[in-house]
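Input: a single structure, listed below in structure tokens.
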Protein chains: 2
Amino acid sequence: MQKKVIKKSDIGIRSKNEAKILEGAVIVFSRKGLDGTRLTDIATECNLPKANVYYYFSNKTEIYERLIENVLAGWDKAFEHIKPDLEPEDAISEYVKAKLEYARNNIIESKFFTFEMLRGGQFLSKKQRQHIVQVTRKYEQVVEYWISEGKLKPLDTRHFFIILWASTEFYANYSNIAELTLGKHKLTKTDFEQAHKSIVQNILNGCLPQQ
Amino acid sequence: MQKKVIKKSDIGIRSKNEAKILEGAVIVFSRKGLDGTRLTDIATECNLPKANVYYYFSNKTEIYERLIENVLAGWDKAFEHIKPDLEPEDAISEYVKAKLEYARNNIIESKFFTFEMLRGGQFLSKKQRQHIVQVTRKYEQVVEYWISEGKLKPLDTRHFFIILWASTEFYANYSNIAELTLGKHKLTKTDFEQAHKSIVQNILNGCLPQQ
DNA sequence: TAACATTCTGACACTTTAGTCAAGTTTGTA
DNA sequence: TACAAACTTGACTAAAGTGTCAGAATGTTA
């Protein structure tokens with residue numbers, strides 16, 4: 001039986017192997033989703049005998065839940081450095097840049113989370129939902145402040161963030177369609193830079209010429 | 001043995017039951033993806049004995065492939081009425097409206113297709129890929145024409161369409177996040193109308209005030 | 001209504017997957 | 001170095017899933 005108490009040994013084999021399993025699992029989940037993933041696939045992916053995986057986790061949902069936590073924590077970390085005290089132009093540009101960079105460097109996590117959304121977000125705890133709402137609200141308030149200062153046009157902040165989120169996530173989740181559209185075999189750094197430029201330009205100034 | 005030759009009987013029981021199976025299958029696939037779906041689930045969903053499903057389709061991938069075709073055909077149908085000879089403002093507004101309406105009325109198909117994207121689009125045939133590219137190109141050329149006429153600012157048409165596509169699809173695939181963000185239990189018609197207004201306003205005019 | 005084709009389905013054989021277990025090895029520590 | 005705790009793993013059982021088939025039911029047509 002494994003111990004849940006934190007001991008010296010937890011910095012050793014246990015945490016190392018748990019990390020190894022989670023690492024392999026997120027890859028498989030990001031390809032097949034929760035329902036499509038077999039525990040055998042996870043074991044194979046991380047080169048461990050199945051029984052060894054069972055030694056650390058009691059089933060695949062336990063692994064899955066841990067991964068949900070990890071991904072959410074990863075987001076917080078990735079975006080906490082964004083400073084809302086910048087001018088809107090720069091802040092939005094930085095936000096888009098950070099989100100695109102995250103999408104580029106964490107395709108697997110992005111897809112993993114999208115799978116969870118498709119299945120209805122059943123594994124998001126109430127706490128996690130609240131956290132997401134809270135973080136979003138925080139950013140929305142900044143945008144509302146800018147609007148009140150006349151630095152942005154009046155707009156619906158919630159839909160505004162959806163446009164930002166959707167546009168940036170797209171390049172990870174629909175990389176196939178993006179590749180098709182851009183006529184590339186694989187998206188490059190330059191593609192992401194152009195995406196950044198296009199999104200920012202469009203979101204900030206729109207596509208209609210000033211009359 | 002089933003016949004592939006088209007006969008009178010094809011308008012009857014056969015096509016009726018195939019439709020019934022496809023209808024149930026797309027629901028299950030949209031919840032669990034290809035790998036997560038068991039043929040038993042499909043049979044249960046459409047109230048048929050498993051062996052009866054096997055009478056019409058030899059396995060689940062055959063059903064899946066038929067569904068991919070259907071969904072792509074559905075899109076063509078849904079968007080073929082968009083007239084590119086309108087002024088950009090109206091054309092873009094109509095395009096967004098049509099896409100949002102499609103998202104609202106075809107959440108299942110949208111999610112189904114997103115699952116396929118996440119798994120890498122393996123089941124999109126070369127022909128289907130080419131078709132997608134072709135349709136996109138057609139719209140891009142219209143946008144490029146508008147730019148050349150000075151009706152739109154110079155912009156990267158490919159990323160431009162990605163913003164449109166991503167923003168509209170979001171409301172179907174990430175309905176959970178959208179509901180969270182908008183503080184709703186379920187998205188209403190009004191939410192989609194506001195989404196339309198927000199997207200169009202932002203895409204056309206941006207969020208920065210005219211200086 | 002006879003006879004032929006199509007459709008339906010319970011029951012079966014076979015394969016894959018989940019999860020357990022006991023017997024082994026390694027590691028930490030006194 | 002000895003002993004316990006932690007870790008590893010092949011082998012196993014039970015359950016779930018795939019796909020087939022023979023025979024019953026229904027539909028079609030002359």
Side-chain angles (χ1 to χ4, degrees), chain A residues 1-29 31-67 115 119 122-123, chain B residues 1-67 115 119 123:
Chain A
M1 271 301 117
Q2 59 264 49
K3 291 273 167 56
K4 303 242 164 156
V5 187
I6 293 170
K7 318 175 48 187
K8 270 180 206 161
S9 62
D10 273 355
I11 328 171
I13 298 178
R14 172 162 220 93
S15 65
K16 215 181 82 185
N17 276 339
E18 283 184 4
K20 192 175 174 185
I21 291 167
L22 291 169
E23 211 173 299
V26 75
I27 293 173
V28 184
F29 282 133
R31 285 203 282 253
K32 307 195 164 190
L34 173 62
D35 304 290
T37 297
R38 309 279 141 247
L39 207 125
T40 314
D41 302 335
I42 297 177
T44 307
E45 183 66 39
C46 42
N47 295 309
L48 288 176
K50 189 176 51 131
N52 202 357
V53 177
Y54 274 110
Y55 176 73
Y56 289 104
F57 295 93
S58 54
N59 52 45
K60 71 171 170 177
T61 31
E62 196 174 307
I63 303 178
Y64 191 79
E65 281 166 354
R66 276 278 292 278
L67 284 172
F115 263 116
R119 80 189 305 300
Q122 286 176 246
F123 281 86
Chain B
M1 272 300 116
Q2 60 264 50
K3 291 273 166 58
K4 303 241 165 156
V5 186
I6 293 169
K7 320 176 46 189
K8 270 180 206 161
S9 62
D10 274 353
I11 328 171
I13 298 177
R14 172 162 221 94
S15 65
K16 216 180 82 184
N17 276 339
E18 283 184 3
K20 192 176 174 185
I21 292 167
L22 291 169
E23 209 173 301
V26 76
I27 293 174
V28 184
F29 282 133
S30 79
R31 284 203 282 253
K32 309 197 163 187
L34 173 61
D35 304 290
T37 296
R38 310 277 139 249
L39 207 126
T40 314
D41 301 335
I42 296 177
T44 307
E45 182 67 38
C46 43
N47 295 310
L48 287 176
K50 192 178 44 133
N52 201 358
V53 177
Y54 275 110
Y55 176 73
Y56 289 104
F57 296 94
S58 54
N59 52 44
K60 70 171 171 176
T61 32
E62 196 174 307
I63 304 179
Y64 191 79
E65 281 165 352
R66 276 279 292 277
L67 284 172
F115 263 115
R119 81 187 306 298
F123 282 86

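Lettering of chains follows the sequences in order, A, B, ..., and the numbering in each one begins at 1. Note that the structure is predicted; figures quoted are calculated from it, not measured.
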Double-helix bend of the helix from C/dT1-D/dA30 to C/dA30-D/dT1, axes at both ends from 5 pairs, round to 10°, gives 20°
Per atom distances to the B/Y54 side chain, the nearest of D/dG19, D/dC7, C/dG19 is D/dG19
message = Using OP1 and OP2 only, check whether a side-chain N or O of A/Y56 sits under 4.0 Å from D/dA6.
response = no
task: Output yes when at least one side-chain N/O atom of B/N17 is less than 4.0 Å from OP1 or OP2 of C/dT6, else no.
output: no
Without placing hydrogens or testing angles, list every side-chain donor-acceptor pair under 3.5 Å for residues 23-30 of chain B, not counting sequence neighbours.
from  : atom 1 : to    : atom 2 : distance (Å)
B/S30 : OG     : B/V26 : O      : 3.4
B/S30 : OG     : B/I27 : O      : 2.8

Do B/N17 and B/Y55 make a side-chain contact, defined as non-hydrogen atoms from C-beta onward lying under 4.5 Å apart?
no
Write down the protein N/O and nucleotide N/O pairs, taken from nucleotides 9-17 of chain D, whose separation is under 3.5 Å; answer none if there are no such pairs.
from  : atom 1 : to    : atom 2 : distance (Å)
D/dT9 : OP2    : A/N52 : ND2    : 3.4

Take B/Y64 and B/N59 through the test side chain to side chain contact (heavy atoms under 4.5 Å, CB included) and record every step on the way to the result. CA-CA 9 Å; B/Y64 191 79; B/N59 52 44; over 6 Å; no
Worksheet item: How about B/L39 and B/Y54: do any of their side-chain heavy atoms sit closer than 4.5 Å?
Response: yes
When rounded to whole Å, the CZ to P distance for the pair B/F57 and D/dT18 reads 16 Å
Here the distance between atom P of C/dG19 and atom CG of A/N59, to the nearest Å, is 6 Å
#### Entry: Close side-chain approach of B/F57 and B/E18, heavy atoms under 4.5 Å
yes
Donor-acceptor pairs under 3.5 angstrom involving side-chain atoms of residues 40-52 of chain B: please list them, not counting sequence neighbours.
from  : atom 1 : to    : atom 2 : distance (Å)
B/D41 : OD2    : B/R38 : N      : 3.1
B/T44 : OG1    : B/T40 : O      : 2.8
B/E45 : OE1    : B/R31 : NH2    : 3.2

Between CZ of A/R14 and C1' of C/dG28 the distance, given in whole Å, is 15 Å
Worked check of salt bridge (charged side-chain N to carboxylate O under 4.0 Å, His left out) between A/R66 and A/E62
CA-CA 6 Å; A/R66 276 278 292 278; A/E62 196 174 307; over 6 Å; no
Between CG of B/D35 and C1' of D/dT18 the distance, given in whole Å, is 15 Å
Exercise. Considering only heavy atoms from C-beta outward, does the side chain of B/D35 approach that of A/D35 to under 4.5 Å?
Worked result: no
Applying salt bridge (charged side-chain N to carboxylate O under 4.0 Å, His left out) to A/E65 and not counting sequence neighbours gives none
Here the distance between atom P of D/dT8 and atom CD of A/E18, to the nearest Å, is 11 Å
